Amino acid sequence: MDSFINQYGFLIVQMVLQAVLALSLYLPLMAGQLSLASPAFYAVGGYVAAVLSTQKFLPPAGTVFPEPVQSLVIWLATVFPGAQDGLYPAGLVVLEMLIAGLISGVLALMVGFPALRLRGIYLALATIAFVEIVRVLSLNLPVTGGAIGIFNIPQPFHTKFEYLWIAGPLILLSVWFVARLERTRVGRAFAALREDELAATAMGINPTYHKVLAFTLGAVLAGMVGVVSAHFLNTWNARQGTFDLGVLVLAYVVIGGARTFAGPVLGALLLTALPEVLRAVAGLPGLPTWLTEFLREGRLIIYGILIAVGTVFFPQGLLTPEIFTRRRRPPGIQDSGAGETAPTEVS
Amino acid sequence: MNLTAGFQIIVNGMATGGVYAIFALGYTLVFSILGIINFAHSAVFTLGAYFTYALLGSQFGFNGLLARGRLPFGLSFPLALLGGAILAGLVAVMVERLAFRPLRKRGADPLLMLVSSLGVAVAIVNIIQYLFGAEPYTFPNILGGLPGSVNLGTPGTPLVARTVQLLIAGVSLVILALLTVYINYTNTGKALRAVAEDATTASLLGINTDRLVLLTFFLSGFIGGIAGTLVGLSVGITGPYFGIAFGLKGLSVIILGGLGSIPGAVLGGIVIGIGENLVPAEHVGYKDAVAFALLFIVLLVRPQGLLGRTQIQKV
Amino acid sequence: MSLLAVRNMTRRFGGLLAVSDVSFSVYKGEIFGLIGPNGAGKTTLFNLITGLTPPSSGDLEYKNRYITRLKPHQIAELGIARTFQNIRLFGNLTALENVLVSQHVHTRSGVLSGVIGTPGARREERQARWQAMELLEMVKLSDRAHVPALSFSYGDQRRLEIARALALQPELLLLDEPSAGMNANEKTTLTGFIREIRDRFGLTVVLIEHHVPMVMNLCDRIAVLNFGQLIALGEPAAVQNDSAVIEAYLGEQ
């Protein structure tokens with residue numbers, strides 16, 4: 001068990017963090033908005049953590065805050081275990097997450113109100129532009145450490161695997177949040193906008209409000225993942241949170257299934273594990289050398305092909321809501337009228 | 001800023017912008033027919049540069065499967081450019097068959113084509129890396145005895161253009177002119193425009209949509225391959241990922257000009273090219289943000305782009 | 001008393017005058033028919049009233065309040081609900097969810113209270129579901145409340161769309177060709193149904209309809225549009241004998 005954790009602890013936490021990131025992209029999608037902005041908020045969150053933990057929260061807990069905040073910082077720094085043996089207090093990581101969530105949320109409101117007037121591909125492209133602007137800024141601003149970035153971000157745990165103490169509750173809370181949301185008034189408003197924006201507005205749904213809300217919720221989540229990732233990776237720079245990451249996260253959602261929260265989570269877990277699985281397969285004895293070689297060096301080729309093939313053969317993704325509802329539906333009630341189903345417009 | 005400096009900025013901007021424009025044309029062609037962005041275009045662009053490099057008979061790098069090898073023959077630069085472009089065009093056709101057609105036939109959500117083309121892009125880029133290694137490649141000198149730069153001004157007020165820039169500008173112009181003639185004055189071009197206008201009606205009128213889509217992909221790959229080679233000539237091939245940065249800027253170009261508009265792509269390319277050259281040297285780090293800041297502003301102020309048409313939503 | 005007043009409403013699409021200087025009032029409690037040949041501008045007029053299409057000029061007054069510049073969701077909040085000519089249900093949502101969406105403006109729970117499930121939010125949700133089921137019962141779809149809307153038959157979808165509109169608790173209900181695709185028998189049933197909901201919910205109904213006998217039988221008053229212009233307005237018998245109306249319909253044949 002120990003050796004398993006040593007070998008795969010990093011991967012497991014990575015899978016969990018990517019799953020939360022997938023949910024951050026799924027949230028705006030719930031309201032029908034394809035946004036690739038998650039990496040930008042992820043990057044911002046990471047910088048919040050990096051700056052606060054390396055410059056502001058340094059034990060003995062800083063000197064820079066006005067009084068009520070200062071007490072809170074000191075209290076958080078001591079209330080969680082671990083602070084004693086030279087580790088960075090986990091309580092402060094939580095505080096960083098809240099701050100990063102707040103900053104990401106405010107930023108999302110500022111970007112979201114103008115950008116969410118755009119539809120479909122235009123919105124996706126605007127969010128890509130936003131990601132690039134954040135990247136160029138972080139390459140050039142002094143506070144983000146320029147091209148070098150910020151390194152030696154303090155560690156709240158002895159091993160990478162122990163990051164599950166933070167990543168675990170984060171994914172559970174996010175899944176619970178999104179799953180619940182889908183069954184509430186606001187979640188249904190999102191779904192209605194996604195299905196048919198025009199009809200939804202005619203039924204009294206305020207489109208701008210709900211789109212910005214969904215976008216902001218996703219941003220808050222991405223910012224929080226950024227905080228955990230910055231500590232987890234020990235260093236943060238402009239190569240985190242780029243367009244590439246956006247593509248990857250979009251692939252999680254599409255491969256996993258974009259119509260239920262479970263899809264993005266499954267997609268993220270599978271696709272994050274895939275390169276490691278391929279590496280493990282390459283290590284199996286008895287394979288011809290060329291295959292071993294290819295699996296080792298060409299992993300990402302297979303990865304790309306799987307994304308393309310997966311999309312083509314499972315356009316709905318691996319998981320659809322029907323998988324969950326079919327089982328629950330009482331027997332005897334069929335999807336009626338298969339022969340006389342009215343044509344519905346797919347937009 | 002004096003007049004000469006202004007001209008210098010325009011010359012540099014046009015050279016950069018010309019490449020942006022022909023790169024973006026590949027996006028625009030496909031978008032006008034299918035209404036979707038082909039994210040594999042930047043990978044095809046990259047491939048074009050590698051193909052031309054190989055066809056010139058140059059030696060491959062020290063990494064990758066083809067390390068230290070070279071083709072048994074070497075073509076002259078114009079032939080290699082053409083060959084590279086044709087091969088890139090064929091790859092684009094393959095991309096259409098693999099990533100677009102199956103979904104198109106099923107009437108799937110265009111978002112899915114976006115993702116499948118991204119998957120193909122990842123695969124292509126990594127195939128390049130597998131074969132050629134991740135190292136940068138420099139094109140051999142193809143200018144022969146020509147000088148490296150030309151002074152278009154006077155000795156007193158120099159207006160210097162690199163010869164490569166002039167070559168790029170020239171080739172870009174030729175491509176634009178040919179494409180404009182092709183689209184506007186040939187039967188195939190007219191059929192293309194008909195499909196872009198209304199694919200359903202066009203197919204009812206007996207236009208073979210599938211063949212035209214293939215042709216469009218070929219053209220987009222062909223032009224993209226040339227753009228890749230030209231950029232490679234100018235700054236070198238910086239590795240398998242060198243198309244990605246262009247890919248993103250190309251998006252800005254087409255949005256700026258108006259999605260699906262060919263003159264728009266040209267205008268967008270030039271505006272961004274000049275905009276980037278306006279960034280003062282001490283802030284050169286922000287140069288890459290110009291395209292995206294412009295994109296963001298245009299989307300907010302005039303979402304249909306400079307030359308695009310508004311779309312009326314039907315109830 | 002006039003519930004809705006349409007004043008000099010005009011809408012151009014490029015060079016086309018889809019609706020041209022149309023004025024009329026709809027009185028509280030009446031069933032008001034909107035007829036006219038294809039392309040006469042009837043659906044455009046619905047879109048103007050519900051704010052989906054902004055007018056080129058003209059004014060809308062609803063319950064003595066100008067609503068011309070309001071957004072569609074604000075107009076819906078004021079109690080104007082509609083159905084669509086080409087049925088626009090939320091296909092992947094269940095019948096129940098479709099109806100629940102329209103209760104949005106009458107419920108309050110936000111992201112947090114909903115997700116956490118505060119007692120208030122839970123009570124509200126229970127009540128909303130109960131009311132939605134009642135509406136589904138009324139349109140005889142309650143046994144399939146948990147089936148996605150897109151798998152319903154055409155006629156069922158039309159009824160579900162009416163239930164969804166009613167969930168908005170409107171005072172003014174706009175029905176865009178509610179009998180399209182129905183046989184004579186179903187049309188008769190529908191006529192009775194529209195009267196029933198008008199009485200039960202105290203509605204005012206405006207409907208676009210092609211089937212002339214149904215309009216004559218059902219409507220208190222009728223407006224006739226042709227090429228975007230209002231050419232006749234009045235009680236069914238009067239309109240039926242109006243020379244301009246006869247010409248518009250005969251001219252078409």
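A quick note: this is a predicted structure, and the numbers were derived from the prediction, not measured. Because only heavy atoms are used, hydrogens play no part in the values below, and waters and symmetry mates are left out as well, while side chains stay in. Quick note on labels: first sequence line is chain A, next is B, and so on, each numbered from 1.
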What residue, out of [options], has the most heavy-atom pairs lying under 4.5 Å from chain B?
| options | answer |
| --- | --- |
| Tyr303(A), Phe243(A), Phe130(A) | Phe243(A) |
| Val254(A), Leu300(A), Leu123(A), Leu139(A) | Leu300(A) |
| Ile255(A), Val247(A), Ile305(A) | Val247(A) |

Minimum heavy-atom distance [X]-[Y], with the two atoms named:
| X | Y | result |
| --- | --- | --- |
| Leu103(B) | Pro315(A) | CD2-CB, 4.3 Å |
| Ser116(B) | Ala308(A) | O-CB, 3.7 Å |
| Ala123(B) | Ile301(A) | CB-O, 3.9 Å |
| Val136(A) | Tyr286(B) | CG1-CA, 3.9 Å |

Chain A contact via [X] - side chain, backbone, both or neither, heavy atoms under 4.5 Å:
| X | answer |
| --- | --- |
| Phe39(B) | side chain |
| Ile124(B) | neither |
| Leu112(B) | both |

Give, for atom CG of Leu36(A) and atom CG of Leu114(B), the distance between the pair rounded to the nearest 0.5 Å.
7.5 Å
Proximal component of Leu248(A), with respect to chain B [non-hydrogen, under 4.5 Å]
neither
Report which part of Leu125(A) has an atom under 4.5 Å of a heavy atom belonging to chain B: side chain, backbone, both, or neither.
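For Leu125(A), backbone and side chain are both near chain B.
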Measure from the side-chain N and O atoms of Arg106(B) to the backbone N and O of Val312(A), and report whether any donor-acceptor pair falls under 3.5 Å.
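At least one qualifying donor-acceptor pair exists.
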Over 12 non-hydrogen atoms of neighbours within 6.0 angstrom of CD1 in Ile148(A):
no
Is atom CZ of Arg101(B) surrounded by more than 12 heavy atoms (other residues, nucleotides or ligands) closer than 6.0 Å?
yes
Starting from the C-alpha separation in whole Å, work towards a yes-or-no answer on side chain to side chain contact (heavy atoms under 4.5 Å, CB included) for Glu132(A) and Asp288(B).
CA-CA 8 Å; Glu132(A) 280 300 297; Asp288(B) 282 339; 6.0 Å; no
Taking it one step at a time, do Val115(B) and Leu250(A) satisfy side chain to side chain contact (heavy atoms under 4.5 Å, CB included)?
CA-CA 8 Å; Val115(B) 178; Leu250(A) 178 63; 3.7 Å; yes
Option that, when pairs with chain A are counted at under 4.5 Å, heavy atom only, ranks first among Ile244(B), Ile255(B), Ile36(B)
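Going by pairs under 4.5 Å, I would pick Ile255(B).
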Does anything in residues 126-134 of chain B get under 4.5 Å of chain A by heavy atoms, and if so which residues?
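Residues of residues 126-134 of chain B touching chain A at under 4.5 Å: Asn126(B), Ile127(B), Tyr130(B).
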